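Heads up, the thing below is written out as structure tokens.
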Amino acid sequence: MAAAEGSGAGGPLFAGLADVSISEDIPVEGEITVPVGSRSPDEDYSTLDEPVRDTIMRDLKAVGKKFVHVMYPKKSSALLRDWDLWGPLVLCVSLALMLQGGSADSKDDGGPQFAEVFVIIWFGAVVITLNSKLLGGTISFFQSLCVLGYCVLPLTVAMLVCRLVLLAGSGTVSFVIRLIVVVAMFGWSTLASTAFLADSQPPNRKALVVYPIFLFYFVISWMILTFTPQ
């Protein structure tokens, strides 16, 4: 009440502000508007509205580019930056199908070998990835799986060549040809994977990372070399 009465007696509280003026000599800087920056095309682009055909073709092109990087191994971040597991899945299924039915001393149809290939590839890749992370690797879990899976491509090609060679016969010449092909593709897979993963490891621990990769592709190569169709 006292405050109200005081304000009424003395006039409005901010009456004196009406007489305050800003001199024209004093520069007034700044903007009160919020600038709207131009958005990049990538930010405006959404894959939710595109046709399914475009999505499939874009993914197929990305997988094909990664296959090219593996067949021509060099230091590149393409597999690490845009990782996916579609390529490794296709390679794993293809290799398992070609190895199926290769148990010469078994009366079964060779079905368990399909599961064996899956277990060896995926479980082996997971173990190598965990080993890399424990040694101080800087890449993510799925990036490592992507690289290891895509680098199975040369061994898948070796398996295809071995199947074609075995159609002509299974003698000594056939074994020598298959041995040369498998050894060459084994070296290719190991070289390609280390080219992508070596830089992500501490310099004094690269050997500890390369050795499990060597064993991983060696086991797959041994399965391909010892394959004998029923």
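Just so it is clear, the structure is predicted and the values come from calculations on it, not from any experiment.
- Closest approach of Phe216 to Ile120, counting heavy atoms only: CE1-O, 3.5 Å.
- No chain of hydrophobic side-chain contacts below 4.5 Å, direct or via other Ile, Leu, Val, Met, Phe, Trp or Tyr residues, connects Trp222 to Ile177.
- Taking CG from Leu145 and CD1 from Ile121, the interatomic distance works out to 12.0 Å, rounded to the nearest 0.5 Å.
- Cluster annotation: Val157 and Val90 are assigned to distinct hydrophobic clusters (Ile/Leu/Val/Met/Phe/Trp/Tyr, side-chain heavy-atom contacts under 4.5 Å, transitive).
- Atom NZ of Lys61 is separated from atom NZ of Lys66 by 13.5 Å, given to the nearest 0.5 angstrom.
- Residues Phe227 and Cys162 fail the side-chain proximity criterion, which asks for heavy atoms closer than 4.5 Å.
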Side-chain donor-acceptor pairs under 3.5 Å in residues 124-137, sequence neighbours left out?
from   : atom 1 : to     : atom 2 : distance (Å)
Thr129 : OG1    : Ala125 : O      : 2.8
Thr129 : OG1    : Ser144 : OG     : 2.9
Asn131 : ND2    : Leu208 : O      : 3.4
Ser132 : OG     : Gln201 : NE2    : 2.4
Lys133 : NZ     : Ile139 : O      : 2.9

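- Other cluster members for Met57: Val52, Ile56, Leu60, joined by side-chain heavy-atom distances under 4.5 Å among Ile, Leu, Val, Met, Phe, Trp and Tyr.
- Leu179 and Val173 fall within a single hydrophobic cluster, where Ile, Leu, Val, Met, Phe, Trp and Tyr side chains are chained together by heavy-atom contacts under 4.5 Å.
- With sequence neighbours left out, the side-chain contact (heavy atoms from CB on, under 4.5 Å) criterion links Ser140 to Gln143.
- Across every non-hydrogen atom of Leu225 and Arg178, the tightest pair is O-NH1, 2.9 Å.
- When hydrophobic clusters are built by joining Ile, Leu, Val, Met, Phe, Trp and Tyr residues whose side-chain heavy atoms come closer than 4.5 Å, directly or via intermediates, Val147 is grouped together with Val68.
- Between Leu155 and Ser221, the closest side-chain pair of non-hydrogen atoms falls below 4.5 Å.
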Identify all side-chain donor-acceptor contacts of residues 182-191 below 3.5 Å with residues at least two apart in sequence or on another chain.
from   : atom 1 : to     : atom 2 : distance (Å)
Trp188 : NE1    : Val70  : O      : 3.4
Trp188 : NE1    : Met71  : O      : 3.3
Ser189 : OG     : Cys151 : O      : 2.8
Ser189 : OG     : Met185 : O      : 3.2
Thr190 : OG1    : Phe186 : O      : 2.9

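- Between Leu91 and Tyr150, the shortest heavy-atom contact is CD1-O, 3.7 Å.
- The number of heavy-atom neighbours closer than 6.0 Å to CH2 of Trp86, taken from other residues, nucleotides and ligands shown, is 12 or below.
- With sequence neighbours excluded, the residues forming a side-chain contact (heavy atoms from CB on, under 4.5 Å) with Val176 are Thr172, Ile180, listed by chain and number.
- In the displayed structure, Phe218 atom CZ is contacted under 6.0 Å by at most 12 heavy atoms of other residues, nucleotides or ligands.
- Judged by distance alone, the side chain of Arg163 and the main-chain N or O of Met98 form a donor-acceptor pair under 3.5 Å.
- Remark: Tyr211 engages no residue in a ring-ring contact (aromatic ring centres under 6.0 Å, His included) (not counting sequence neighbours).
- Minimum interatomic distance between Cys92 and Val117 (heavy atoms only, all atoms of both residues): O-CG1, 4.1 Å.
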Decide side chain to side chain contact (heavy atoms under 4.5 Å, CB included) for Leu95 and Ile220; before the verdict, give the C-alpha distance in whole Å, the side-chain angles of both, and the deciding distance to 0.1 Å. CA-CA 10 Å; Leu95 189 59; Ile220 300 176; 3.8 Å; yes
For Phe142 and Asp84, run side chain to side chain contact (heavy atoms under 4.5 Å, CB included): C-alpha distance rounded to whole Å, both residues' side-chain angles, the deciding distance at 0.1 Å, then the answer. CA-CA 8 Å; Phe142 290 103; Asp84 66 80; over 6 Å; no
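- Shortest non-hydrogen contact noted between Cys146 and Pro88 is O-CG, 4.0 Å.
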